[in-house]
Amino acid sequence: MYVRKSSSSLVSLCRLPANVQALRPVTLGLFELTAFAFGFIRSHSSVRLRLNSGKQKSFRALVPDSCFMHLIDNAINRSHFNQVNARVLVSGLRCHGFLVTKLVNGYARVGEMRYARDLFDDFPDPDVFLWNAIIRCHSRHNLFRDALGLYSKMQLLWVSPDSFTFTCVLKACSALPALEMGRRVQCQIFRRGFDSDVFVQNGLVTFYAKCGEIELANKVFWRLSERTIVTWTSMISGYVQNGQPLEALRVYGQMRKTNLKPEWITFVSVLKACTDVEGLEGGESIHGCAIKMGFELEPDLIVAFTAFYAKCGLVTVARLFFDLVETPNLVLWNAMISGYSKNGLAHEAIALFRRMVKKNVILDSISVTSTISACGQVGSIDLAKWMDEYIASSEFKDAVVVNTALIDMYAKCGSINLSRDVFNRTKDKDVVMWSAMIAAYAVHGEGQEAIDLFKAMRKAGVPPNDVTFVSLLSACKHSGLVEDGWKLFHCMSEYSIQPRHQHYACVVDLLGRAGYLDRAYEFIRNMPMEPGLSIWGALLTACKIHQHVPLGELAAERLFSLDPYSTGHHVQLSNIYASARMWDRVSKLRVLMKEKGLSKDLGYSSIEINGKLQVFQVGDKSHPRFKEIFDELESLERRLKEAGFSIDAESVLHDLDHEETEETLCNHSERIAIAYGLISTPPGTTLRIIKNLRACVNCHAAIKLISKVENRVIVVRDANRFHHFKDGNCSCGDYW
DNA sequence: GTAGGGTTAG
């Protein structure tokens with residue numbers, strides 16, 4: 001062995017007095033340790049080193065391999081693997097492949113990939129162990145293409161892969177995913193006789209599952225003569241990842257018939273399957289099993305339970321799990337935040353996010369996107385701006401996923417312009433972002449903008465997907481662009497996109513709202529699939545708008561058989577009868593609803609004044625300023641009448657879709673919110689209202705006029721879309 | 001060595 005003289009620090013270290021105590025391995029990095037050992041070994045017959053365990057160990061001089069082994073281990077264990085000069089070492093270790101392998105692993109563990117690669121590249125004749133190490137560490141650092149490249153190079157050099165090589169290579173193929181490459185690897189596995197190696201075969205199951213080839217995964221799975229718990233878990237998670245939770249649960253059932261004991265990690269996938277089929281009971285029974293098996297405090301299973309209960313709507317139970325953990329990890333925080341957000345508890349989600357920031361927890365894009373989505377639900381433009389500013393000053397400001405969420409947020413807060421700003425400033429837009437922007441135009445009733453954006457998208461060379469077309473068709477239906485929508489639907493095949501049920505529903509809506517009821521019904525009858533709830537629902541809505549009783553009854557009949565307990569469908573049919581003044585049928589339907597125990601959703605509207613969200617119900621007198629509010633309502637009513645406004649009281653009183661009133665019609669929740677907004681803000685301020693139900697016909701007409709007599713822009717988000725009222729008109733063109 | 005949980009567009 002020799003020491004390269006060019007390393008000055010090494011040379012100076014070598015001149016250190018040869019005193020073991022002075023070495024102080026605890027404080028030195030591997031470089032110093034190694035260098036010192038070189039010098040020491042050259043001048044002494046034996047070496048005593050104090051290791052991290054506190055023990056002392058002797059090495060005979062000129063037997064440096066075992067000495068190095070311990071030095072390296074010691075450094076790895078103490079995370080002292082950061083100051084090493086690879087090239088100095090390699091010149092000393094040229095003949096010791098297994099030490100280089102150890103070093104490569106060590107470097108990879110502390111993230112020093114460049115050193116690992118340099119070390120490897122300098123080594124003249126790597127054996128299979130060293131190849132495995134370098135492939136594995138590239139794979140661990142998400143450098144999958146490099147890992148596969150190294151594997152190809154290894155074959156060119158006639159080094160025979162072993163089972164460890166194959167597991168690493170398959171992992172890289174799964175992560176990319178690289179289906180063709182994986183298939184070739186499978187051939188090699190077969191040729192080299194690893195077709196019964198359970199580790200390799202587990203890798204194959206995962207590989208096919210991650211490539212979406214679940215049937216091939218299944219084939220590998222059943223061909224195996226021996227299956228470990230990892231094999232079963234791989235198969236179960238494979239089905240979950242491929243959207244077949246029921247199959248996953250079936251496989252889990254089969255696994256339970258064997259003598260294999262599930263691992264906690266098995267339960268993670270089974271829980272996900274239960275979540276996907278909304279199988280609360282199944283998940284609860286898993287919970288029981290986990291307790292019996294002593295897994296209930298397994299930290300990562302707590303994360304899975306939190307996510308499971310949150311997604312099933314039991315947010316409180318999820319929170320109990322969350323609170324079990326003293327210092328939650330990132331995934332747990334994210335599971336709880338998104339749990340709140342997905343269950344409509346937007347304020348809780350935001351509060352938790354703020355706590356996370358306060359505690360200086362390192363965030364990732366998932367934490368912020370979940371919170372952004374919550375901000376969109378709240379609908380407050382001030383909150384939205386706060387979030388946008390936060391993102392702008394963070395590392396996520398260029399993340400496409402995050403900016404996509406911002407686009408959606410601003411659109412939901414009523415500001416399509418701010419959505420567009422985010423869209424414009426984002427580089428490298430993907431299909432999701434384009435679709436989100438198109439969808440934003442859709443809910444704001446700007447159909448032509450949506451279509452123009454689609455053209456720009458094609459020009460930019462981004463291929464649309466099925467969701468893009470849902471957004472586009474929805475934009476057309478909100479704007480009455482019947483022919484454009486019809487053409488778009490029929491050009492989907494040009495992009496090799498198979499229309500799904502949702503696309504058909506959009507077309508029915510498109511035709512129906514425009515008054516082509518027969519054409520819509522004909523379209524339904526020619527559908528290649530069984531029409532479901534959304535199809536008949538769209539037809540029913542169209543029949544309500546155009547007062548078509550027979551077709552409305554037909555649609556309602558289908559809906560009642562598919563979903564007997566939906567309030568909305570009964571209410572809509574009742575509205576059709578009411579608009580046709582068929583009062584006897586209206587009252588019959590009311591009796592039926594009472595028998596079924598159905599009652600209407602309570603309507604409410606909210607408005608934000610000075611950063612405080614105020615919620616009003618119909619006829620709400622709970623606000624401290626209710627007297628002023630109702631005075632304003634009255635005077636508003638007077639001014640509307642002067643401007644020539646009249647209401648169609650009879651039909652409205654039977655219009656069960658909206659809030660029933662005991663008194664007059666002018667105290668619907670959105671009007672109270674507007675009155676409150678008028679007395680609480682300076683003239684000319686835009687009012688932004690959020691309503692949980694669809695806008696009522698009379699209120700819609702009234703708000704148009706209010707916007708004119710009060711000279712205000714009023715933005716209303718109803719259950720379906722946005723209405724921008726200005727100068728006596730609405731952006732929906734009375735088409736909603 | 002192989003298995004897992006939390007994100008964005010409708």
Side-chain angles (χ1 to χ4, degrees), chain A residues 132-133 135-136 139-140 162-171 174 197-207 209-210 228-238 240-241 262-272 275 298-308 310-311 328-339 341-342 363-373 376 396 399-409 411 419 429-440 442-443 464-475 500 502-503 505-506 534:
Chain A
N132 288 349
I135 292 172
R136 184 169 50 240
S139 190
R140 276 216 185 120
D162 64 6
S163 62
F164 285 71
T165 323
F166 286 127
T167 49
C168 294
V169 170
L170 283 173
K171 201 180 164 83
S174 311
D197 183 300
V198 76
F199 276 85
V200 172
Q201 297 301 314
N202 290 346
L204 272 175
V205 171
T206 306
F207 161 69
K210 287 251 161 81
T228 64
I229 183 62
V230 176
T231 326
W232 285 96
T233 308
S234 305
M235 198 61 234
I236 293 167
S237 72
V240 175
Q241 285 157 7
E263 272 288 339
W264 64 265
I265 210 164
T266 316
F267 288 140
V268 173
S269 288
V270 179
L271 273 175
K272 179 96 168 53
T275 313
E298 190 64 54
D300 287 351
L301 195 54
I302 290 180
V303 177
F305 276 120
T306 308
F308 165 73
K311 282 189 184 159
N329 68 7
L330 181 62
V331 181
L332 183 56
W333 281 104
N334 290 351
M336 198 62 231
I337 291 176
S338 84
S341 178
K342 291 256 159 75
L363 309 168
D364 70 356
S365 62
I366 298 177
S367 337
V368 295
T369 40
S370 301
T371 311
I372 293 169
S373 156
F396 308 110
V400 180
V401 188
V402 173
N403 283 328
T404 302
L406 284 177
I407 289 174
D408 179 59
M409 173 190 77
S419 290
K429 305 170 189 41
D430 63 358
V431 60
V432 182
M433 175 166 276
W434 285 94
S435 307
M437 194 63 230
I438 292 173
V443 287
N465 64 14
D466 57 329
V467 183
T468 318
F469 277 96
V470 174
S471 306
L472 272 171
L473 293 172
S474 143
R500 286 185 292 114
Q502 221 177 348
H503 299 97
C506 282
S534 48

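Throughout, a chain's letter reflects where its sequence line sits, starting with A, and its residues are numbered from 1. No experiment lies behind these values; they were computed from the predicted model shown.
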Tell me which nucleotide among [options] gets nearest to the side chain of [X].
X       : options                 : value
R136(A) : dG1(B), dG6(B), dA3(B)  : dG1(B)
V432(A) : dA3(B), dT8(B), dG1(B)  : dT8(B)
S269(A) : dG4(B), dG5(B), dG10(B) : dG4(B)
T369(A) : dG6(B), dT2(B), dT7(B)  : dT7(B)
I265(A) : dG10(B), dG4(B), dT2(B) : dG4(B)
A307(A) : dG6(B), dG1(B), dA9(B)  : dG6(B)
V230(A) : dT2(B), dG10(B), dT8(B) : dT2(B)

Side-chain donor/acceptor of T468(A) to base of dG10(B), under 3.5 Å: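 Side chain to base: no pair present.
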
Distance-only donor-acceptor test (3.5 Å): side chain D364(A), base dG6(B):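 A donor-acceptor contact between them is present.
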
Could you tell me whether the phosphate oxygens of [N], OP1 or OP2, come under 4.0 Å of any side-chain nitrogen or oxygen in [X]?
X       : N      : result
T404(A) : dA9(B) : no
K311(A) : dG6(B) : yes
K171(A) : dT2(B) : yes
K342(A) : dT7(B) : yes
K210(A) : dG4(B) : yes
S234(A) : dT2(B) : no

Regarding [X], tell me which of base, sugar-phosphate or nothing describes its non-hydrogen contacts under 4.0 Å with the strands shown.
X       : value
T228(A) : nothing
L330(A) : base
A304(A) : nothing
N465(A) : base
E263(A) : base
D162(A) : nothing
Q241(A) : sugar-phosphate
D408(A) : sugar-phosphate
W333(A) : nothing

Rounded off to whole Å, could you give me the [atom1]-to-[atom2] distance for the [X] and [N] pair?
X       : N      : atom1 : atom2 : value
D197(A) : dG1(B) : CG    : C1'   : 10 Å
D300(A) : dG4(B) : CG    : P     : 13 Å
I302(A) : dG5(B) : CD1   : P     : 17 Å
I366(A) : dG6(B) : CD1   : C1'   : 5 Å
N334(A) : dT7(B) : CG    : C1'   : 8 Å
F305(A) : dG5(B) : CZ    : C1'   : 12 Å
Q201(A) : dT2(B) : CD    : P     : 16 Å
F308(A) : dG6(B) : CZ    : C1'   : 16 Å

F199(A) ring over dG1(B) six-membered base ring, under 5.5 Å and 30°: yes

Specify the closest pair of heavy atoms between [X] and [Y], including all atoms of both residues, with the distance to one decimal.
X       : Y       : result
M433(A) : N403(A) : CE-CB, 3.5 Å
P328(A) : L332(A) : CB-CD2, 3.7 Å
T206(A) : S174(A) : C-OG, 4.2 Å

Side-chain donor-acceptor pair present, S370(A), S373(A), cut-off under 3.5 Å: no

Pairwise distance CZ(R140(A)) to CD1(I135(A)) - rounded to 0.5 angstrom: 13.0 Å

From N329(A) atom CG to D300(A) atom CG, the distance as rounded to the nearest 0.5 Å: 6.5 Å

Backbone N/O of I366(A) and side chain of T369(A): donor-acceptor pair under 3.5 Å: yes

